[in-house]
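What follows is one structure encoded as structure tokens, with my remarks underneath.
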Protein chains: 2
Amino acid sequence: MAQDRFATLNREPTHVVLAVVVQIRGGRLQTLLWQRAREPDAGRWSLPGGVLGAAESLEASIRRHLAAKVDVAELSHLEQLQTLSEPDRHPDERQIATAYLGLVPSDADPSLPADTAWHAIDALPPLAFDHQGIVQAARDRLRAKLSYTNIGFAIAPAQFTLAELRDLYAAALGRAVTATNLQRILVRRHLLEPLAEHRAPTSAGGRPARLFRFVHRSLEITDEFAVLRPRS
Amino acid sequence: MAQDRFATLNREPTHVVLAVVVQIRGGRLQTLLWQRAREPDAGRWSLPGGVLGAAESLEASIRRHLAAKVDVAELSHLEQLQTLSEPDRHPDERQIATAYLGLVPSDADPSLPADTAWHAIDALPPLAFDHQGIVQAARDRLRAKLSYTNIGFAIAPAQFTLAELRDLYAAALGRAVTATNLQRILVRRHLLEPLAEHRAPTSAGGRPARLFRFVHRSLEITDEFAVLRPRS
DNA sequence: GCAAAAGTGTTGTGTCTACACCCATGT
DNA sequence: ACATGGGTGTAGACACAACACTTTTGC
């Protein structure tokens, strides 16, 4: 295949890697954006990333580029989203872009360079190029996976109360979630396990909340084939 | 981003596009493979595809390359799977590959070139490069989407009996499926609609089977957010 | 005691699997 | 008539949402 030749320009397009780095901050789903200094689209916010190196994989590349913006050790999960290739997606040159979804636990607070900031996904500024659609795809992917995988581990701290986890799920899903049912679903599926410790109540009083943690801290499919599956 | 420079070789890798073209033939899930004529991996079976052109999108490119193997009009569905980028995935040169999943309805029988043939996915020959894993990913994607989308339209003919559809689902899922429950699930979700016509029984007798068709013939999510969703 | 927050019990509903039973045709 | 394959009825299991109720704390 590599030897095939056909009658088009032989110049390879530039391959860039982008990431939608998502964290729940202040009860809202937010993503990391970087303000472009140069044309095209100077001044516009865009997804962090950069050009793929000659000897690195896409995942290694996005980790390398993100390291300039955040502490990569804070990334609890990273997965490939899609590759964009419309010939006119970049005004100046032919550019292929592979987008990743990265998740940061809600208790991390990485320091950021001056040109980089968190933005709420439901109130984004105008974004450069086709980045708006990539962010929406990332949000949809996260929402879907909250339903059939254990991906909650990647947005939550190592330990948390159910009320805290409920707020994280509610922020990610964009709708109210009850702690009661959330607990039953996640415990029934063996995603969540209770710890012996409790969290002391605030000055407002209330019963001390039990702490929980996710059983596994890497992605697992927990509800495969919802339908057309035999009982046993 | 495009202007960024860093201390690696500036030569862009070759970008190829591959497709796992899937059809159910003879009650088995099969995929289209092409026998490599040249080194590396000469003689090995590999996924059809080719080099991305300078002015085309990935999807346009895979359609163009597939046109050399099958009648592209037979493709009922085409979606991007993933992009592979391990630096050593090709022995001779740096190569990025974007893989697609293509579906062909079971009643199509496209004519094929001499170097191309259908192979049952559960009994593949050794494949070139990392193509084995791509085929598995394609199969898993199809199986999952049969549960929560209307993707059945893409493996089925325009009209079919429930017994025929059951056999297609069974072949794709790799497990027994009952026509009774399949009908109820798909009719309840308004994916399937009955037609007035019936199919005449064979010489073996039996009640004439009603014909059905899919309501929509493009991909739709039909069972989003199985969990944590209010009763509405 | 009372407010506040966490946690449990329980009921009802909808979706699915499984299986028995009925229907329509050819020979 | 009876074999063959298509189609329907129905019961039971299960997972889930909803909500009332109980528990444990601070003030």
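Here is how names work: the chains are called A, B, and so on, in the same order as the sequence lines, proteins then strands, and each is numbered from 1.
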To the nearest Å, how far apart are A:E197 CD and C:dA6 C1'?
17 Å
Whole Å only: how far is the CZ atom of A:F212 from the P atom of C:dA6?
12 Å
Can you tell me if NE2 on A:H198 sees more than 12 non-hydrogen neighbours from other groups inside 6.0 Å?
yes
Assess whether atom CZ of A:R213 is packed by more than 12 heavy atoms of other residues, nucleotides or ligands within 6.0 Å.
no
Pair A:L33-A:L47, side-chain contact (heavy atoms from CB on, under 4.5 Å): steps then yes or no
CA-CA 5 Å; A:L33 296 177; A:L47 293 172; 3.8 Å; yes
A:Q23-A:R25 side chain donor-acceptor pair, cut-off 3.5 Å
yes
Does one side chain, of A:T83 or A:T98, offer a donor that lies under 3.5 Å from an acceptor on the other?
yes
Stretch residues 160-177 of chain A: residues that reach within less than 4.0 Å of DNA chain D through a heavy atom:
none
For every nucleotide of nucleotides 10-20 of chain D, 5' to 3': is a protein heavy atom under 4.0 Å from its base (B), only from its sugar-phosphate (S), or from neither (-)?
B-BB-SBBBB-
Contacts under 3.5 angstrom, residues 149-157 of chain A side chains, donor-acceptor by atom type, not counting sequence neighbours:
from: A:T149; atom 1: OG1; to: A:K145; atom 2: O; distance (Å): 2.6
from: A:T149; atom 1: OG1; to: A:I151; atom 2: N; distance (Å): 3.1
from: A:N150; atom 1: OD1; to: A:E220; atom 2: N; distance (Å): 2.8
from: A:N150; atom 1: ND2; to: A:S218; atom 2: O; distance (Å): 2.9

Flag the pair B:L112 / B:W118 as yes when at least one side-chain heavy-atom distance between them is below 4.5 Å, and no otherwise.
yes
Any non-hydrogen side-chain atom of A:L162 less than 4.5 Å from a side-chain atom of A:L192?
yes
Under-4.0 Å side-chain N/O to phosphate OP1/OP2 contact, A:Q183 with C:dA6
no
Starting from the 5' end of DNA chain D, give me the residue, B:A209 or A:G206, whose nearest nucleotide shows up first.
B:A209
Looking at D:dC27, D:dT25, C:dA5, which one has an atom nearest to any side-chain atom of A:R207?
C:dA5
